[in-house]
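A short write-up of the structure that comes next.
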Amino acid sequence: MGMTRAQKARKYGENAGSAKAGSSPARAPRVRPASVHEMRPGELAAEPTKASSAGILVGVAFFVGAALWLYYHLLVLQGVSGNLAGGVTAPELMAGGFSHGHLADFARGLGADGRTEYEGVHATTGLFTPLLMCLGWLLFTGLNTPQRARKWVYWAVILVYAVVFLVGNTVLDAAVADPADASAVALASGLVIARWVLFALLVLIAVIVAVSVTRRKLDDFSEGKLPGQRPRA
């Protein structure tokens, strides 16, 4: 037997007695949070945020490429000079180019076995170094350069560096195999000079992009545009 309205009122309160059977209680209207664009100046405060996964991957690729370049030039080629060529400097390390006599001394110091190992260096570390380094530079400049025209200029320099690096290795192998070929020696020397000039441009590009990113982040922070900024408590 069901309870009367008076009994319900005594047991559950006054509102229960007047409510209809099966009716649901009224819900309070939802309050829409204020958008960042609707906030007044001074209502935003900086909140530390984690870097995006894309930015982390690009940073890792960039520094791996730079580390591999240092490893190749400071350890591998230095080892070629000291261990394989009897103390004669590897031609890649001579930013100002090299003479016909120097390359002849280098080839003589290598000998037949050393020349094979030298070519093997070009086929392994000397191959992956420009590819991975330029990949890191491409990602870094592509992610952080909003201007399309400037981005393509940066990418052109990076790609030319990779081509000059790889072609230069092939020409060096041919010149070391036949040091008497003056044209091959001159071409190899020119490509080494071009490689170092382009590398200087890559460093300059990296510095320009890094400064631009830092300045843009500081401007966005001062204007309250960084992701993760929230109203002040």
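The two residues V121 and V80 make their nearest non-hydrogen contact at CG2-CG2, 4.3 Å. The two atoms that bring R195 and F165 nearest to each other are NH2-O, 3.2 Å, heavy atoms only. The two atoms that bring L166 and L131 nearest to each other are CD1-CD2, 4.1 Å, heavy atoms only. Scanning both residues, L139 and A61, for their nearest heavy atoms gives CD1-CB, 4.1 Å. Considering all non-hydrogen atoms of both residues, F140 and A206 come closest at CE2-O, 3.9 Å.
A donor-acceptor pair is defined here as one N or O able to donate and one able to accept, closer than 3.5 Å; no such pair exists between the side chain of T129 and the backbone of G126. Counting only distance, with no hydrogens or angles, the side chain of T145 and the backbone of T141 share a donor-acceptor pair below 3.5 Å. A donor-acceptor distance shorter than 3.5 angstrom exists from the side chain of T214 to the backbone of A210, with no hydrogens or angles considered.
In this structure, L198 CG and L159 CG are separated by 11.0 Å, a value rounded to the nearest 0.5 Å. From L202, atom CG reaches atom CH2 of W69 across 10.0 Å, with rounding to the nearest 0.5 Å. Rounding to the nearest 0.5 Å gives a distance of 11.0 Å between CD of E117 and CD of E119. Expressed to the nearest 0.5 Å, how far CG of L84 lies from CG of D113 amounts to 10.0 Å. Going from atom OG1 of T116 over to atom CG of L110 covers 9.5 Å, rounded to the nearest 0.5 Å. Here the CZ-CG distance, from F106 to L172, works out to 8.0 Å after rounding to the nearest 0.5 Å.
In this pair, H73 and W196 present their aromatic rings perpendicular. The plane angle is above 60°, beyond the 30 to 60° band.
Following chains of ILVMFWY side-chain contacts shorter than 4.5 Å, one cannot reach L127 starting from L70, and the two form parts of different hydrophobic clusters. Both Y161 and F63 are part of a single hydrophobic cluster, where members link through side-chain heavy atoms under 4.5 Å apart. There is no path of hydrophobic side-chain contacts, each under 4.5 Å, that joins I193 to V164. Both L77 and Y71 are members of a single hydrophobic cluster when ILVMFWY side chains are connected at heavy-atom separations under 4.5 Å. Under the 4.5 Å side-chain heavy-atom criterion for Ile, Leu, Val, Met, Phe, Trp and Tyr, I205 and V197 are members of distinct hydrophobic clusters.
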Handout entry: From CA spacing to verdict: ring-ring contact (aromatic ring centres under 6.0 Å, His included), Y154, W137
Key = CA-CA 9 Å; Y154 292 164; W137 250 258; over 10 Å; no
Exercise for the section: Start with the C-alpha gap between F199 and V203, add the side-chain angles, then the distance that decides, and say whether side chain to side chain contact (heavy atoms under 4.5 Å, CB included) holds. Expected result: CA-CA 6 Å; F199 175 73; V203 174; 3.8 Å; yes
List the atom pairs, donor and acceptor, that lie under 3.5 Å between side-chain atoms in residues 90-104 and the rest of the protein, sequence neighbours left out.
from: E92; atom 1: OE1; to: Y118; atom 2: OH; distance (Å): 2.8
from: E92; atom 1: OE2; to: Y118; atom 2: OH; distance (Å): 3.0
from: E92; atom 1: OE2; to: H122; atom 2: NE2; distance (Å): 2.5
from: S99; atom 1: OG; to: H102; atom 2: N; distance (Å): 3.2
from: H100; atom 1: NE2; to: P179; atom 2: O; distance (Å): 2.5
from: H102; atom 1: NE2; to: T89; atom 2: O; distance (Å): 2.9

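The neighbour count for D178 CG, taken as heavy atoms of other residues, nucleotides or ligands under 6.0 Å away, is above 12.
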